[in-house]
Student: 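Got a structure for you, written out below as structure tokens; questions coming shortly.
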2 protein chains.
Amino acid sequence: MEFEKAKETFIQTWGTLGSEWGINRTMAQVHALLLIAPEPLSTDDVMEQLRVSRGNANMNLRDLINWNLAERVIKAGDRKEYFRAEKDIWEIARRIAKERKRREIEPLKDVLKELRKVKGDKKDAGVKQFTETVEGLGDFVDKMDKSMDYLLKADEHWFFGTLLKAFK
Amino acid sequence: MEFEKAKETFIQTWGTLGSEWGINRTMAQVHALLLIAPEPLSTDDVMEQLRVSRGNANMNLRDLINWNLAERVIKAGDRKEYFRAEKDIWEIARRIAKERKRREIEPLKDVLKELRKVKGDKKDAGVKQFTETVEGLGDFVDKMDKSMDYLLKADEHWFFGTLLKAFK
DNA sequence: TTGAACTTTCAGAAATTATTGAAAATTTAA
DNA sequence: TTAAATTTTCAATAATTTCTGAAAGTTCAA
């Protein structure tokens with residue numbers, strides 16, 4: 001495959017995958033673009049390469065920064081801002097995990113904790129099933145969350161080394 | 001919190017979480033409804049409790065079956081079909097993991113394998129960064145995929161037991 | 001067979017989400 | 001200061017996704 005075609009495919013694939021996982025397609029595409037860029041890119045580079053508006057490029061670049069997946073780079077003697085993505089895949093995975101945990105798992109844990117206190121007749125089948133489901137889910141989320149904490153502290157080699165050895 | 005309010009909150013929360021993870025909100029809500037239902041529900045039950053159309057209810061119930069998260073139940077002497085969700089959270093997690101792996105990770109692996117064969121001057125910075133990114137990503141996805149295979153074979157107690165012990 | 005009960009389909013409508021582009025705000029060199 | 005360069009905002013618009021509801025399809029008891 002030619003390089004230009006491969007780039008295009010990579011950006012498209014990453015964008016599609018992103019939207020399947022609830023991430024704005026363009027944000028994922030901008031991320032892909034930065035991942036394969038050997039040098040930091042400007043907003044204009046992103047606009048040109050992905051054919052999107054300035055507003056859109058700006059917004060998605062800022063979102064990537066909020067996800068801690070990209071950073072601003074200032075070049076001496078240049079008014080423009082440039083953007084560079086973290087390139088280490090393990091580090092990217094950790095940052096995404098950390099962010100989703102903070103944005104989605106922690107609030108879920110809080111809701112489930114509240115729901116465990118539901119009032120109702122424990123003899124009632126509906127109440128009984130509700131309680132069991134919420135408790136089962138709460139325990140599972142807590143375990144996942146704890147596992148995630150270890151993952152966030154671990155380095156890649158140790159993590160996969162231990163994991164793949166443990167589960168051989 | 002009152003039972004009815006708790007039910008409502010649970011369904012809403014599960015629906016929101018679903019859409020954050022790229023799953024149709026209504027499908028997640030139907031799933032939530034089935035998860036807390038002590039008995040299998042009919043299409044009409046779903047329509048009534050979630051206030052959605054017959055077409056919508058039917059479609060999302062079928063999707064849940066395609067995800068292997070719900071099954072049809074036939075009651076003797078009743079023409080209607082009923083639906084019951086798998087209630088064991090560990091089993092649900094495994095089925096979702098299995099399905100997303102099949103739908104998303106396997107195709108991604110294929111694309112990355114193709115992209116590794118990109119033609120281009122290895123001295124070119126763009127080609128070099130592209131190759132490194134794609135290779136790093138490919139290796140990472142392979143490891144994740146392998147870990148997932150173990151997870152899919154494991155049972156919950158063993159999985160969390162080993163994992164939480166290994167990473168203490 | 002027939003027809004009532006039930007399920008599925010799908011074109012059009014509605015709702016949601018993403019994008020544009022121009023104006024406003026900000027920054028910085030001179 | 002000034003004004004040019006750049007970034008940010010956001011109302012309007014577009015694109016995408018989801019939902020509705022009625023018609024078509026299927027099943028089954030009699």
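Protein chains get the first letters and strands the later ones, always in sequence-line order, with residue 1 at the start of each.
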Student: In whole angstrom, give the distance that lies between atom CZ of A:Arg62 and atom P of C:dT19.
Tutor: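 About 14 Å, once rounded to whole Å.
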Student: When clusters are formed from ILVMFWY side-chain contacts under 4.5 Å, directly or step by step, what else is grouped with B:Tyr82?
Tutor: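 For the cluster that includes B:Tyr82, the remaining residues are B:Val73.
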Student: Identify, residue by residue, the members of residues 16-51 of chain B with a heavy atom below 4.0 Å from DNA chain C, and return them in order of residue number, or none.
Tutor: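 The answer is B:Arg25.
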Student: Nucleotide by nucleotide, 5' to 3', does protein get under 4.0 Å of the base (B), only the sugar-phosphate (S), or neither (-) in nucleotides 21-30 of chain D, counting heavy atoms?
Tutor: B-----BB--
Student: Would a distance-only check, ignoring hydrogens and angles, find a side-chain to backbone donor-acceptor pair under 3.5 Å from A:Asn60 to A:Asn56?
Tutor: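 Here the side-chain-to-backbone pair exists.
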Student: For B:Arg72 and C:dC6, give me the distance from atom CZ to atom P, rounded to whole Å.
Tutor: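 In whole Å, C:dC6 P lies 15 Å from B:Arg72 CZ.
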Student: Quick one: closest heavy-atom pair of B:Arg116 and B:Asp139, and the distance?
Tutor: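 Looking at all heavy atoms of both residues, the shortest contact is NH2-OD1, 2.8 Å.
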Student: Please identify each residue that fulfils side-chain hydrogen bond (donor to acceptor under 3.5 Å, both in side chains) with B:Glu114, with sequence neighbours left out.
Tutor: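 B:Lys117.
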Student: Expressed as a whole number of angstroms, how long is the span from B:Met59:CE to D:dT17:P?
Tutor: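 The distance from CE of B:Met59 to P of D:dT17 comes to 12 Å, rounded to the nearest Å.
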Student: Where do B:Glu2 and A:Lys119 come nearest, in terms of heavy atoms and distance?
Tutor: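 Taking every non-hydrogen atom into account, OE2-NZ, 3.4 Å.
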Student: Is it the case that atom CE in A:Met27 sees more than 12 heavy atoms from other parts of the structure closer than 6.0 Å?
Tutor: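 For A:Met27, atom CE is crowded (more than 12 foreign heavy atoms under 6.0 Å).
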Student: Using only atom types and a distance under 3.5 Å, with no angle test, would you say the side chain of B:Asp45 pairs donor to acceptor with the backbone of B:Ser42?
Tutor: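 Side chain of B:Asp45 to backbone of B:Ser42, a donor-acceptor pair under 3.5 Å: yes, one is there.
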Student: Examine C:dT8: is either OP1 or OP2 under 4.0 Å from a nitrogen or oxygen in the side chain of B:Asn58? Give yes or no.
Tutor: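 Yes.
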Student: Rounding to an integer number of Å, can you tell me how far B:Asp63 CG sits from C:dT8 P?
Tutor: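 It works out to 12 Å between those atoms.
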Student: With no hydrogens and no angle check, just 3.5 Å: does a side-chain donor-acceptor pair link B:Glu135 and B:Thr131?
Tutor: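 On atom types as modelled, these side chains do not qualify, holding no pair under 3.5 Å.
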Student: When Ile, Leu, Val, Met, Phe, Trp and Tyr are grouped by side-chain heavy atoms lying under 4.5 Å apart, directly or through other members, which residues fall in the same group as A:Ile74?
Tutor: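 Grouped by the 4.5 Å side-chain rule, A:Ile74 forms a cluster of one, so the answer is none.
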Student: Could you tell me, to 10°, how much the axis swings from one end of the helix from C:dT1-D:dA30 to C:dA30-D:dT1 to the other, five pairs per end?
Tutor: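 For the helix from C:dT1-D:dA30 to C:dA30-D:dT1, the axes at opposite ends meet at about 20°.
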Student: For A:Leu35 and B:Gln129, work out which heavy atoms get closest and say how close.
Tutor: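 Minimum heavy-atom separation between A:Leu35 and B:Gln129: O-NE2, 3.7 Å.
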Student: Taking all atoms of both residues into account, what is the closest heavy-atom pair of B:Ala125 and A:Pro38, and its distance?
Tutor: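 Result for this residue pair: O-CB, 3.7 Å.
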